[in-house]
Amino acid sequence: MDEALLRGLTPAVIGILVRRGVDFATAEDAVQDGLVEAVRAWPDNPPQDPKGWLVTVAWRKFLDAARADTSRQQREVRVEGEPMPGPGAAVDDTLQLYFLCAHPSLTPASAVALTLRAVGGLTTRQIAQAYLVPEATMAQRISRAKRTVSGVRFDQPGDVATVLRVLYLVFNEGYSGDVDLAGEAIRLTRQLAGKTDHEEVAGLLALMLLHHARRPARTGPDGRLVPLAEQDRSLWNTRLIAEGVDVLQTALARDRLGQFQAQAAIAALHADARTVEETDWVQIVEWYDELVRLTDSPVARLNRAVAVGEADGPRAGLAALAGLDPSMPRHTAAAAYLHERDGDPVTAARLYAEAARSAPNLPERDHLTRQAARLNAQLRG
Amino acid sequence: MAKYLLLKHYRGAPASVNDVPMDQWTPEELSAHVQYMQDFADRLEGTGEFVDSQALSPEGTFVRYGGEGRPPVTDGPFAETKDLIAGWMVIDVETYERALELAGELSAAPGAGGKPIHEWLEVRPFLAAPPTITE
């Protein structure tokens, strides 16, 4: 059974129930119950019309729940009298679901959880596992999110930028547990790109594809982080790179640049270099200039400084770094790298060790500690 | 979201404001304290921020490898150990400020006389998973 295909039906079917007058939270529960039943029933008995099947079963689940809830007796009477919704309704509300689940009234974490459930069709347990929290906690996070958006009108147009921020968060979380969040983020962004014509949606999809292509090379056999410069580029997924570049070029041709297109362009330039020495750092710096102009983000400025160090030499990189807040994450690591390139291993070793102490995650800390250890061993000579 | 450990010490933290040992409390004060902790955890589950909560026995043993073919070497407990952890709560919150706010609330758990203990808690961030996009 194609679970991604099944889950891909989720937002459209929720939309159909909502248009039938069911409130969003109840419709979402009913469709989840329908998904669970599909996972049970489809392997032995695959339906001819999966969407129609899911609509019918979700509708029945809704009726069952309404009947079970005596306080909703009035509604039961009302819905019982109505005909079954037909399969494949004319309106596709998938896009509306994206907007609702990324509504600006939600905190980022709530929007992520709700999107994964109501748009992605993942179970609460799967989402809880992915984010390493108890299932009960995730269930509450999702039901609070549903309450928060309960007053939002379903047919209101939303802002694509908020949806993209949520999908970016899902992708960047990487993956843990048995749910591949990066893969899921790509699926949801691809689906969104199919429902809307927006160059930044394409930009984000390209960015994800280009980074996902490098995944096999990002970690060594022992689980250690392999930095871009040291990756075995033969492990990069050329099919994903080709698709990412293709999607990006189509988006860039529209001449409406945004931050995700700029980030994707940087990733594409890295992907284009068969060896690290062939990297076109001059062009990469130009794209970072665009990114800084578009976002004014300190992270972009920091990455730009490192790229300047490659394009114009470590002294230029250190000069670019000097203008930035030294307390920002990865500033010390960048300084260590540039000092090493500048032929000052003593300063570099000290800074690598310092950066390791403030690293935000374990693989990065291990990597930075290893860099310090390597230089210290050289210095002992 | 980021995970934080709210760490409670038997020993090693600065003295609380309401610094009366638990065995000097009345049974009602003890019950009120336990109830407060439970309610706090329940409330955090409700807000989708609760991850874990555990208490530790003060009795511990130090253990180390004893060499090839030998049993592990044990030692302690050491009465002079400066830092003795009593337990923890793990939370998953949107901001560091939120972690501080919750630690402050947890530290308000009632002790002797039903008054807040004002116990010092240590807030420690978890080392997270590395992000996918770094450059």
Side-chain angles (χ1 to χ4, degrees), chain A residues 107-110 112-113 128 131-134 136-145 168-176 181-182 185 207-208 210-212 214-215 218-219 225 227-229 263-264 266-267 270 284 288 299-300 302-304 306-307 330 359-367, chain B residues 1-8 12 34-56 83 85 87-106 109 121-135:
Chain A
T107 62
S110 308
V112 161
Y131 288 95
L132 307 173
V133 299
T137 295
M138 189 51 79
Q140 289 294 337
R141 205 178 281 174
I142 290 167
S143 60
R144 278 170 72 93
Y168 181 87
L169 277 180
V170 175
F171 181 77
N172 219 13
E173 197 77 31
Y175 71 112
S176 45
L181 287 178
L207 176 65
M208 289 175 174
L210 289 163
H211 276 274
H212 207 54
R214 286 189 221 149
R215 187 156 92 171
R218 280 186 72 220
T219 42
L225 205 63
L228 180 58
Q263 283 191 64
I266 292 163
H270 284 302
I284 288 177
Y288 274 122
V299 177
L302 181 71
N303 288 332
R304 181 187 169 277
V306 176
R330 301 193 177 87
N361 61 67
L362 210 48
E364 252 180 78
R365 186 176 74 183
D366 292 348
H367 170 72
Chain B
M1 298 290 265
K3 292 190 179 68
Y4 292 89
L5 183 70
L6 311 185
L7 207 51
K8 208 174 145 86
V34 171
Q35 188 65 47
Y36 183 95
M37 304 302 271
Q38 186 58 50
D39 291 348
F40 185 78
D42 288 349
R43 188 155 55 82
L44 286 199
E45 192 174 289
T47 56
E49 295 173 312
F50 177 81
V51 179
D52 183 37
S53 174
Q54 299 290 339
L56 294 176
D83 216 39
I85 293 161
W88 65 76
M89 186 173 281
V90 178
I91 56 175
D92 189 24
V93 292
E94 206 76 59
T95 61
Y96 175 65
E97 288 67 31
R98 177 65 177 159
L100 293 187
E101 181 187 11
L102 290 175
E105 286 179 34
L106 190 58
L121 298 173
E122 195 179 355
V123 177
R124 302 272 303 270
F126 275 49
L127 290 177
T132 312
I133 299 171
T134 49
E135 84 266 358

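Proteins come first, then strands; the chains are lettered A, B, ... in the order of their sequence lines, and each starts at number 1. Basis for what follows: all heavy atoms, side chains included, without hydrogens, waters or symmetry-related copies.
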Check against side chain to side chain contact (heavy atoms under 4.5 Å, CB included), A/Val133 and B/Lys3 | CA-CA 9 Å; A/Val133 299; B/Lys3 292 190 179 68; 4.0 Å; yes
Kindly determine whether A/Arg218 and B/Thr132 satisfy side chain to side chain contact (heavy atoms under 4.5 Å, CB included), including the steps that lead there.
-> CA-CA 9 Å; A/Arg218 280 186 72 220; B/Thr132 312; 4.0 Å; yes
To the nearest 0.5 Å, what is the distance between CD1 (B/Ile133) and CZ (A/Phe171)?
-> 5.0 Å
Contacts of A/Arg330 meeting side-chain hydrogen bond (donor to acceptor under 3.5 Å, both in side chains) (sequence neighbours excluded), chain-then-number -> A/Glu364
Ranking A/Ala359, A/Pro108, A/Ala145 by heavy-atom pairs under 4.5 Å to chain B gives rank one to A/Pro108
Among residues 91-98 of chain B, residues within the sub-4.5 Å heavy-atom range of chain A, in order of number, are B/Asp92, B/Glu94
Output the residues of residues 43-54 of chain B for which the shortest heavy-atom distance to chain A is under 4.5 Å, in residue-number order; output 'none' if no such residue exists.
-> B/Glu45, B/Gly46, B/Thr47, B/Gly48, B/Glu49, B/Phe50, B/Val51
Does B/Lys8 have any side-chain hydrogen bond (donor to acceptor under 3.5 Å, both in side chains) partners at least two apart in sequence or in another chain, and if so, which?
-> B/Glu119
Between A/Leu302 and chain B, which part of the residue has a heavy atom less than 4.5 Å away: side chain, backbone, both or neither?
-> neither
Measure A/His270 against the heavy atoms of chain B and call it side chain, backbone, both or neither at under 4.5 Å.
-> side chain
Work out which heavy atom in B/Pro131 is nearest to a heavy atom in A/Asn361; give both atom names and the distance.
-> CD-ND2, 3.8 Å
Cut-off 4.5 Å, heavy atoms of chain B, and the answer for A/Leu228 is side chain
